[in-house]
Amino acid sequence: MVATQDESGQETLRPVYRGGYFEVSLEEEGLFNLRRTSLLLLIPILVLQIGAGFLNNQGMYQFYISLPYVFSFLALFYLGWGILRIPKEKRLYRREEVDLSFNRIKSAGRNLLGLLAIGILGEIVFLSFFSDGVDLVLEFVFLLLEVMAAIVVYFQIRLLQPISVQVKSEQSEVD
C-alpha cells in the first residue's frame with residue numbers, strides 16, 4: 001500500500017502491484033484473432049456437450065461415464081471464463097492477468113480433454129462389456145458427440161501452443 005495525498009491534503013492508501021510483468025508473443029491483431037477463434041471453438045464444444053446430455057442413453061446411468069461428463073462442465077466453465085479474459089490490447093501484463101487468461105485456458109483445456117477421454121473410455125468399456133439389450137444407436141451417437149468435442153478441445157489446446165508468455169521485468173514501478 002502506498003499513501004498518497006490529494007489536493008485537499010487528505011491521505012489515502014492505494015494498493016500497488018509488486019511483481020513481475022509478462023510479455024505475450026502476440027500483437028493486438030493476434031490477440032483479437034486468438035480471442036475470436038477460441039470463442040468460435042468454444043461454441044461447438046458447448047453444443048456437443050449439452051447435446052450429448054440430452055440423449056437418453058443407458059451409458060449415462062453408469063458412474064464412470066456420467067461423472068466425467070458432469071465434471072467436464074466445470075472445466076468447460078473455466079475454459080470459457082479464461083477465453084473471455086484474454087486481453088484486448090498489447091501491453092505488459094500482471095501475473096493475475098496471465099494466470100486468469102492464458103494459463104487458465106491451457107490448464108482447463110487439458111483437464112477438459114482428460115475428462116472427455118475418461119468419458120470416452122468409459123463409454124467404450126460400457127459398449128464392450130455391458131451393452132446387452134441396450135439401444136446401440138444412442139450409445140454410438142453419444143460416443144460420437146464426445147469424440148467430436150474432444151477433437152475440438154484438442155484444436156483449442158493446439159491453438160495456444162505457439163504462444164509464449166515470458167517475464168519481461170521483475171520489479172514494478174510505484175506510481
J.: For a quick test of reading the model, state the closest non-hydrogen atom pair linking Gln156 to Ile105 and the distance between them.
T.: NE2-CG2, 3.7 Å
J.: Indicate the ring-plane relationship of Tyr17 and Tyr21, choosing parallel, tilted or perpendicular according to the 30° and 60° boundaries.
T.: perpendicular
J.: Could you state the interatomic distance from CG (Leu115) to CD1 (Ile120), rounded to the nearest 0.5 Å?
T.: 11.0 Å
J.: So which atom in Met60 and which in Ser66 form the shortest heavy-atom distance, rounded to 0.1 Å?
T.: O-CB, 3.2 Å
J.: Counting heavy atoms not belonging to Tyr78, are there more than 12 under 6.0 Å from its OH?
T.: no
J.: Any side-chain donor-acceptor pair under 3.5 Å between Ser131 and Glu139?
T.: no
J.: Begin from the C-alpha positions of Phe22 and Asp99 and carry the test side chain to side chain contact (heavy atoms under 4.5 Å, CB included) through to its verdict.
T.: CA-CA 10 Å; Phe22 295 82; Asp99 285 344; over 6 Å; no
J.: Has Tyr69 got a side-chain atom pairing as donor or acceptor with Gly119's backbone, closer than 3.5 angstrom?
T.: no
J.: In this structure, would Leu145 and Val47 fall into the same cluster of hydrophobic residues linked by side-chain contacts under 4.5 Å?
T.: no
J.: Going hydrophobic residue to hydrophobic residue with side-chain gaps under 4.5 angstrom, can you get from Tyr61 over to Phe142?
T.: no
J.: Among the clusters formed by ILVMFWY side chains lying less than 4.5 Å apart, do Ile50 and Leu74 turn up in the same one?
T.: no
J.: Near Phe73 CZ, under 6.0 Å, is it more than 12 heavy atoms from other residues, nucleotides or ligands?
T.: yes
J.: If I compare all heavy atoms of Gln49 with all of Leu116, which pair ends up nearest, and what's the gap?
T.: OE1-CD2, 3.4 Å
J.: Say you draw a straight line from CG of Leu143 to CG of Leu55; how long is it, rounded to the nearest 0.5 Å?
T.: 11.5 Å
J.: Heavy-atom count check: over 12 atoms from other residues, nucleotides or ligands less than 6.0 Å from Gln5 CD?
T.: yes
J.: When rounded to the nearest 0.5 angstrom, what distance separates NZ in Lys90 from CD in Glu27?
T.: 5.0 Å
J.: Minimum heavy-atom separation for Leu160 to Lys106, with atom names?
T.: O-CE, 3.9 Å
J.: Please name the pair of heavy atoms, one in Ala75 and one in Ala108, separated by the smallest distance, quoted to 0.1 Å.
T.: O-CB, 3.7 Å
J.: If we only count heavy atoms from C-beta on, is the Leu121 to Tyr64 side-chain gap below 4.5 Å?
T.: no
J.: Atom CG in Leu159, atom CG in Leu41: separation rounded to 0.5 Å?
T.: 6.5 Å
J.: How long is the gap from CZ on Phe32 to CG on Leu26, to the nearest 0.5 Å?
T.: 13.5 Å
J.: Give me the one residue out of Arg85, Lys88, Arg91 that meets salt bridge (charged side-chain N to carboxylate O under 4.0 Å, His left out) with Glu97.
T.: Arg91
J.: Out of curiosity, does Ile45 fall in the hydrophobic cluster containing Ile118 (side-chain heavy atoms, cut-off under 4.5 Å, transitive links)?
T.: no
J.: Which heavy atom of Phe63 sits nearest a heavy atom of Pro68, and at what distance?
T.: O-CD, 3.8 Å
J.: So do Leu39 and Leu84 actually touch side chain to side chain, heavy atoms under 4.5 Å?
T.: yes
J.: Please check if atom CZ in Phe155 has more than 12 non-hydrogen atoms from other residues, nucleotides or ligands closer than 6.0 Å.
T.: no
J.: Start with the C-alpha gap between Arg110 and Ile157, add the side-chain angles, then the distance that decides, and say whether side chain to side chain contact (heavy atoms under 4.5 Å, CB included) holds.
T.: CA-CA 7 Å; Arg110 281 189 237 119; Ile157 293 170; 4.3 Å; yes
J.: Are Leu113 and Leu144 joined in one hydrophobic group, where the rule is that I, L, V, M, F, W and Y side chains link up if heavy atoms are under 4.5 Å apart?
T.: yes
J.: If you define the side chain from C-beta out and look only at heavy atoms, does anything of Phe126 sit under 4.5 Å from Val134?
T.: yes
J.: With a 3.5 Å distance limit and no angle check, can you tell me whether Ser25 reaches the backbone of Ser164 through a side-chain donor-acceptor pair?
T.: yes
J.: With a 4.5 Å limit on heavy-atom distance, are the side chains of Asn111 and Phe71 in contact?
T.: no
J.: May I ask you to decide if Tyr93's main-chain N or O and Lys168's side chain share a donor-acceptor pair within less than 3.5 Å?
T.: no
J.: Return the CG to CD distance between Leu48 and Glu146, rounded to the nearest 0.5 Å.
T.: 8.5 Å
J.: Quick one: are Val125 and Ile65 in side-chain contact, heavy atoms under 4.5 Å?
T.: no
J.: Can you tell if the side chain of Asp135 reaches within under 4.5 Å of the side chain of Gln58, non-hydrogen atoms only?
T.: no
J.: Hey, does the side chain of Asp6 reach the backbone of Gln10 with a donor-acceptor pair shorter than 3.5 angstrom?
T.: yes
